Amino acid sequence: MSDQEAFQRQLPEIVSQIVRSIRETPFVHHLDHSDLPNHGQVIRILEDLRVLLFPGYYRQALHFANIEYFVGDMLDSLFGRMQREIAGALRHTDCRECREPTGEALPRKASEIVIEFFRRIPRLREMLQRDLQAAYDGDPAAKSFAEIVLTYPGFVAITTHRIAHELLTLGVPLIPRIMSEHIHHRTGIDIHPGAQIGERFFIDHGTGVVIGETTRIGNNVKIYQGVTLGALSFPKDERGQIIRDRKRHPTLEDDVTIYANATILGGDTVVGYGSVVGGNVWLTESVPPYTKVLIEAPKQRFVTKQVSASEA
Amino acid sequence: MSDQEAFQRQLPEIVSQIVRSIRETPFVHHLDHSDLPNHGQVIRILEDLRVLLFPGYYRQALHFANIEYFVGDMLDSLFGRMQREIAGALRHTDCRECREPTGEALPRKASEIVIEFFRRIPRLREMLQRDLQAAYDGDPAAKSFAEIVLTYPGFVAITTHRIAHELLTLGVPLIPRIMSEHIHHRTGIDIHPGAQIGERFFIDHGTGVVIGETTRIGNNVKIYQGVTLGALSFPKDERGQIIRDRKRHPTLEDDVTIYANATILGGDTVVGYGSVVGGNVWLTESVPPYTKVLIEAPKQRFVTKQVSASEA
Amino acid sequence: MSDQEAFQRQLPEIVSQIVRSIRETPFVHHLDHSDLPNHGQVIRILEDLRVLLFPGYYRQALHFANIEYFVGDMLDSLFGRMQREIAGALRHTDCRECREPTGEALPRKASEIVIEFFRRIPRLREMLQRDLQAAYDGDPAAKSFAEIVLTYPGFVAITTHRIAHELLTLGVPLIPRIMSEHIHHRTGIDIHPGAQIGERFFIDHGTGVVIGETTRIGNNVKIYQGVTLGALSFPKDERGQIIRDRKRHPTLEDDVTIYANATILGGDTVVGYGSVVGGNVWLTESVPPYTKVLIEAPKQRFVTKQVSASEA
């Protein structure tokens, strides 16, 4: 009996075991629900929106004589796809807490969201131009704007965040998080779409950055790799359930700089304007404006071995 | 002479130099060996296994009336592909230490491994349902199960780990590591397929997490971004070669929580049940049950500059 | 009126707003410039170069009898593509500071660069063979060379760095950075193409590693995840602009080991040969040869709760 035949003989039994397991684990099958947004489609929409925001950086042979046709075509193509995925996200039904419109109203609502999002694109582009300038001014290794747009992970992350945050503000569930986690995967920068981030924001290097859902960040803020803006603890209600709606993450006022691997925690923690938080600092209380918080370097031992030539 | 012609004229000499270099660097050509598993095929298998584990989350138009056909088709398609790649992995010959069956026995052995793996899928799905519940319970930002399955890097990582660990347990070389490093690339979470991880495991955020090969983790454990469960040092044998088989990584008992960027090292280090290890802690010794290990905050200096209105 | 009709009616106005926004934000459109290198093409070139460097690891059915044809074909295919992208990079005109040849001279210059790069491939392969040996010797979890080539993020990163650094040395702008940031995305390891790295270099785990543009690293150096080799501060010129050309990142001499999450900053900081920098150390001054720098463990509090059986 060939391997294939041996397998075929056992297949019906294996299938019925797996199907039984699917029936018995309702949380991990998601059958008989309306379809969820398609992950691949959402990522393609995100990529196309990035082309729309920075057209000549990503598409060749674009110039002022043909840009109008390009923009029109792109919006037309995006409209149907965004409407379909957003309607799917609005419809997804294992959302435990949110109230949603149903049935016929959903595509209409999705359509209105897409159109309103398109109307906000010019403002998004202004924000991103300021972010780009901040990246160039803040990094002596930057050789050109093109290098930043095409290669900087911090710039990819803030671009995606501004798109995802705008969709979240317009009431779109799930899709903003799919976008931000896709970019988290690509860049190591984890910005929850709910975070509110002001103008001229720059993340240098970026790997390991975590910016929580209820963080608020002012203008002209610069942060480095490994910075966590996180929650201090999760208060529970009288039934022992985590309370899900409250400010859990810190506030950074204007003109703040946070150096690598600093950790700032807590919803009541405010870093005042113009302040600097040094590398590795662990901060769970507020800091007044124009303050430098520096770690007192932990004592380090230097041990020099006497080595003979043969050992070396 | 055109650029292309200039290049063509030099091509034979360049080719012969590179071919000579290939002959002279045996470790970096891998020619005249049996074929290695194909990286792209292994990743496609991993993606299809994820669809099999969470069918309705990833595929549209699935319901209880057609799920049996879907599962049967998917297993049938996976069988041949998994058998071929696993046989290739068993055959790969620069493995320096392991003893392997050879020749005709390999496809038969690969076939048996695939069938046994399929039989373990129901148990895998139960484990993952418990991991999913743990993620929802542990994160106040989680809005729905769908959000976790589709977007949480920690959940992608534990799903892949449970698949890769099962294959490793069944004696498959190389392929589990290709899977886990693919997901390390995508999520920044580095779990060696050899690590033993109990039920209801949750990694929040996750970037920078490292879980070493001989780590043992109990049930209901939660860890945050940047946590390292690593080796303390590598003892060498009398010939100066690193000793490769011994427990080098720590043990976490049930109900342990490890906060961000804590580092726990050493094969004899045990964190007792119910214990909590605080952020940034550096731990190389065991901790009894129900203990909190907190870093005594390093002294921090707060320097407030007096600034005049014009400076501000 | 259908959703589609409602959208069509508003489309001209939305398009004209976005086109106006494009005219008004010159930094974020890059229209009417010569075409930039194509990101996807650059990544495909990088993947093909990796196959050329490690042929039998990535391609099936290669052996000594056909390797010459394979190498010839691959070089022929790469030549035209590399010439085109490199010419595009040389031409890109928002580079603010660099002086470039123009017009007809660019394809010729690009062609010469590609040929010289091909001539350096044998030396690149020798370097990578030494890196591979260093990875195997340094990691007790490594089971085979194939495992390292196919799966280790640190090995993917140094392979890409050696390609990107060689192109940078040959005067190619932008493309080396596109390559290194692509791999930064994939591995979490951020090595600026300008960094100078000696033989037998090994990065273990790697997530979060940052190696700055002007870093110099000797032979036999090993670093772990989360290590930053960074800049201390950015001196500004009399106009308040950051000074862009000077050594800002540290020097590691031969035989240095840097453990996880250590941070070493500053262009004048030299870690002497044979020295070891412990985990979490923060270093901004030079260290003599054969020195161990260890953090004096911050005081940690162990709090053991007395728990009753019912609580447990």
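On a predicted model such as this, the values are computed, not experimentally measured, just so you know. Hydrogens, waters and symmetry mates play no part in the numbers below; they use all other heavy atoms, side chains included.
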[X] side, atom [atom1]; [Y] side, atom [atom2] - distance, nearest 0.5 Å:
X	Y	atom1	atom2	answer
A:H30	B:F54	NE2	CZ	12.5 Å
B:E116	A:Q10	CD	CD	9.5 Å
A:I14	B:F117	CD1	CZ	11.5 Å
A:F7	B:E112	CZ	CD	14.0 Å
B:R59	A:N38	CZ	CG	10.0 Å
A:L31	B:Y57	CG	OH	9.5 Å

Measure [X] against the heavy atoms of chain B and call it side chain, backbone, both or neither at under 4.5 Å.
X	result
A:D3	both
A:N261	neither
A:H192	side chain
A:V210	side chain
A:E24	backbone
A:T228	side chain
A:V19	side chain
A:I22	both

If I measure from the heavy atoms of chain A, does B:Q225 come under 4.5 Å with its side chain, its backbone, both, or neither?
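For B:Q225, the contact with chain A is made by the side chain alone.
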Counting only heavy atoms closer than 4.5 Å, note whether B:I189 contacts chain A via side chain, backbone, both or neither.
neither
Minimum side-chain heavy-atom gap [X]-[Y] below 4.5 Å:
X	Y	value
B:F79	A:Q4	yes
B:L75	A:I18	yes
A:H184	B:P153	yes

Among B:I115, B:L150, B:T187, which has the most heavy-atom pairs under 4.5 Å with chain A?
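Highest number of pairs under 4.5 Å: B:I115.
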With chain A, which of B:R125, B:H205, B:R186 has the greatest number of heavy-atom pairs at distances under 4.5 Å?
B:R125
Look at the side chain of A:R177 and the backbone N and O of B:T151, then say whether any donor-acceptor pair between them is shorter than 3.5 Å.
no
For the residue pair A:L36 and B:G56, what are the closest heavy atoms and their distance?
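That would be CD1-O, 4.4 Å.
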A:D268, CG atom: more than 12 neighbouring heavy atoms under 6.0 Å
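Check fails, neighbour count at 12 or below.
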Count the heavy atoms of every other residue, nucleotide or ligand shown that sit under 6.0 Å from CD of B:E68, and state whether that count exceeds 12.
no
Could you tell me which of A:T25, A:V15, A:V293 has the largest number of non-hydrogen atom pairs under 4.5 Å with chain B?
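Option with the top pair count is A:T25.
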Which one, A:Q8, A:H39, A:E13, A:M179, leads in non-hydrogen pairs under 4.5 Å with chain B?
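When all of A:Q8, A:H39, A:E13, A:M179 are compared, A:E13 has the most.
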Between A:H29 and B:F64, does the ring centroid distance fall short of 6.0 Å?
yes
Under-4.0 Å salt bridge between A:E213 and B:K143:
yes
